[in-house]
Visitor: 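Here it is, the structure in full.
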Amino acid sequence: MGDKENQEVGTSGQENTLPIGTKSPITVTVGTKGPVLIIGAGLIGGSLGMALARQGVEVYLRDASPTAVSLAASLGAGKVWESGLPAPRLVVVATPPDVTANVVEASLQEFPAAMVFDVSSVKTPIVSAVLASAAEAAARYCSVHPMAGKEVNGVGAASADLFTGRPWVIVAHEKTSSAAVLAARTLGTDVGAFLIALDPQEHDRAVALVSHVPQLVSSLMGGLLIEAPVTALELAGGGLRDVTRVAASDPRLWNAILSGNAPAVKTILEELQRNLSDLIAGLDSGQTTSETPTDPWSTSAVGAVNTVMTRGNEGVGRIPGKHGDAASQYGQVAVLVPDEPGFLGRLFQEIGQANINIEDFRLEHSLGQARGLAIIYVIPASVEPLTAHLQGAGWSVASL
Ligand SMILES: NC(=O)c1ccc[n+]([C@@H]2O[C@H](COP(=O)([O-])OP(=O)(O)OC[C@H]3O[C@@H](n4cnc5c(N)ncnc54)[C@H](O)[C@@H]3O)[C@@H](O)[C@H]2O)c1
Ligand SMILES: O=C(O)C(=O)C[C@]1(C(=O)O)C=C[C@@H](O)C=C1
């Protein structure tokens, strides 16, 4: 990490009210200092703009699409950027990954006093390209990755609460200044996320496993449905919906993410392929043929399935905060709660005061964090009134 400091950005804060799991809103310091220019006013850029603007930070928006930028401004994500406005202290590039390095490089040149961040889902190719071209200016560049999103893109799906309680990965490179890292940390904290630091290669290996290959598995499963008989599709229940939710994601965005992380994605796909081959071989050995009817519950078939099932149970049990889910007929409201005595009691009391019944409850802990997400299950008709009641009482409600 370089030692070029810019104490102007992300260090001295502005006072504002940010309710975090307290009954009465508390006054906290918003560390991110505007103006912030967000380039790419879609799902992530729009959500970031909304999260900052609602805390009083000056946010400007720029996008290759005039419609996208106007829509984002009309939804409260910031003001449309135009020449003559004060230069931004911070530029956040939230464009698709394949154009991100170019936009970062152009921003470092256009705004010589600004920090520049990107939020791309893949890091190695972008950080390498910026380092190769930006020289000195690279000290002002830090990459971040909010591990929060949706299968729907565009600012229409954006939400100010998108990052609340979610991981915010700081991906610094060898030239990133400590001031840029501090500003990247401050931004993540200001939008309610929790911080994790990784280098670009570690980041790309990790997201290949927890985000990129899961996307492909979901899409591959979705693809199997193209030729499926309608009678089969009519039977679809929660299992299929859970596995295929992200198959609805935008191909243009994911083409860029997955090709950009090809080496790490390929390594995990090869492991998946070996596991699939073992399973198929095990099932095959139990097949009944017309000449030699065999037992479908043969030791080898059951053994192969059991290996997949028990390894799946073991692996999924390691996901922090995901040890089972309540019945999907309930709606969910997620509330950020500090990990301190009395807060859950106060939350439950508040829900009682709204005269809303809690059908089920789950607490998601984030590793090493002093707060968690309380997931409250209620009947679907109670989701909106409960959200409004809790927000009115100063609780921080996250979108799910
Ligand atoms: N979607 C997710 O779940 C998610 C989560 C975390 C990070 N990300 C990353 O965030 C970035 C944005 O993703 P998104 O889901 O918000 O996409 P999006 O399609 O909703 O928004 C991208 C926006 O960038 C604009 N754009 C494209 N090229 C541009 C250019 N050259 N200059 C200016 N604007 C340009 C588009 O018009 C669009 O409005 C991507 O790098 C993605 O990898 C996405
Ligand atoms: O929840 C979703 O719909 C997402 O796809 C979000 C998700 C993820 O895989 O977790 C997708 C890509 C991003 O880079 C970060 C987050």
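FYI, the numbering just counts along the sequence from 1. Both ligands and their constituent atoms are indexed starting at 1 by order of listing.
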Visitor: Do Arg346's NZ or CZ and the ring of Phe343 fall within the cation-pi criteria of under 6.0 Å and 45°?
Guide: yes
Visitor: Show the atoms of ligand 2 that are less than 4.0 angstrom away from any heavy atom in Ser121.
Guide: 13 (C), 14 (O)
Visitor: Please list, in number order, the atoms of ligand 2 under 4.0 Å from a heavy atom of Arg245.
Guide: 1 (O), 2 (C), 3 (O)
Visitor: With a 6.0 Å cut-off on ring centres, are Trp81 and Phe111 close enough?
Guide: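 Between Trp81 and Phe111, the centre distance is under 6.0 Å.
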Visitor: Near Trp254, which atoms of ligand 2 are under 4.0 Å from a heavy atom of that residue?
Guide: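 Ligand 2 atoms under the 4.0 Å threshold to Trp254: 11 (C), 12 (C).
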Visitor: Name the closest protein heavy atom to atom 10 (O) of ligand 2, giving the residue it belongs to and the distance to 0.1 Å.
Guide: Met147 CE, 3.9 Å
Visitor: Under 4.0 Å, heavy atoms only, figure out whether ligand 2 is touched by the backbone of His145, its side chain, both or neither.
Guide: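 The answer is the side chain of His145.
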Visitor: Under 3.5 Å between any N/O of Asn153 and any N/O of ligand 1: does that happen in this structure?
Guide: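 Yes, Asn153 has an N/O under 3.5 Å of an N/O on ligand 1.
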Visitor: Once you restrict to heavy atoms under 4.0 Å, what part of Val246 touches ligand 2? Side chain, backbone, both or neither.
Guide: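 Val246 to ligand 2: side-chain contact only, backbone stays beyond 4.0 Å.
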Visitor: What is the nearest protein non-hydrogen atom to atom 8 (C) of ligand 2, stated with its residue, atom name and distance?
Guide: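 The answer is Ser211 OG, 3.5 Å.
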Visitor: Does a salt bridge link Arg318 with Glu314, judged by any charged N lying under 4.0 Å from a carboxylate O?
Guide: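 No salt bridge links Arg318 with Glu314.
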Visitor: If you count the atoms of ligand 1 from 1 in the order shown, which ones are under 4.0 Å from a heavy atom of Lys150?
Guide: 3 (O)
Visitor: Number the atoms of ligand 1 from 1 as they appear, then name those within less than 4.0 Å of a heavy atom of Ala68, with their elements.
Guide: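 Ligand 1 atoms under the 4.0 Å threshold to Ala68: 39 (O).
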Visitor: Taking only heavy atoms of Lys150, which atoms of ligand 2 are found under 4.0 Å from at least one of them?
Guide: 2 (C), 3 (O)
Visitor: Can you spot which of Asp204, Asp118, Asp199 makes a salt bridge (Lys or Arg N to Asp or Glu O under 4.0 Å) with Lys123?
Guide: Asp118
